[in-house]
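Please read the structure below before turning to the comments.
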Amino acid sequence: MAETGNVGSGSTVGAVHTGNVVAADYFQSYSVVGLLAVVGVLFVAVAFGAGRLLRPVVPTPEKLLTYECGVDPVGEGWAHTQVRYYVYAFLYVIFAVDSIFLFPWATVFAAPGYGATTLVEMFIFLGFLAVGLLYAYKKGVLTWT
């Protein structure tokens with residue numbers, strides 16, 4: 001046996017530990033996570049099973065009909081969609097990702113020693129976004145027709 005100090009989680013200074021005790025402390029935290037995962041899976045399985053057992057099953061032609069926002073489906077299943085809606089969605093995603101990067105940057109920028117470096121990095125990032133926005137403007141994507 002060897003004396004160790006602060007080995008593993010939950011040990012005290014000067015306590016005598018063997019390798020099995022340290023491994024038990026290590027795997028105990030994983031067993032809690034595994035137990036919670038099993039409980040979560042069982043909870044979902046029981047909820048779905050109870051729903052299947054308790055719901056009424058009365059199929060009618062109206063219930064088996066394809067439902068589309070309260071309107072009876074008429075015609076073909078294919079609809080023409082203009083590509084500009086996808087472009088607007090893509091631009092939205094770009095600016096949403098931009099905001100995801102700006103918030104952590106603002107917190108790191110306030111930390112000592114990171115100011116000038118993160119400022120330069122953010123201006124480079126915003127420059128790339130500005131070039132993309134300028135390209136979209138030049139292509140006429142931002143004009144609603």
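Throughout, numbering of the chain's residues begins at 1 and tracks the sequence.
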Hydrophobic cluster partners of Val58 (side-chain heavy atoms under 4.5 Å): none
Residues clustering with Leu36 (ILVMFWY side chains joined when closer than 4.5 Å, directly or via others): Val32
Close side-chain approach of Phe103 to Ser99, heavy-atom, < 4.5 Å: yes
Remaining members of the apolar cluster that contains Phe128, side-chain heavy atoms under 4.5 Å: Val120, Ile124
With Phe125 via ring-ring contact (aromatic ring centres under 6.0 Å, His included) - residues at least two apart: Phe101
Common cluster, Leu102/Phe123, ILVMFWY with side-chain heavy-atom separation under 4.5 Å: yes
With sequence neighbours excluded, residues passing side-chain contact (heavy atoms from CB on, under 4.5 Å) with Lys139: Tyr135, Val141
Set of residues satisfying ring-ring contact (aromatic ring centres under 6.0 Å, His included) with respect to Tyr30, sequence neighbours excluded: Tyr26
Nearest-0.5 Å distance, CG of residue Leu126 to CG of residue Leu133: 11.5 Å
For Val131, the rest of its hydrophobic cluster, which grows through side-chain links under 4.5 angstrom: none
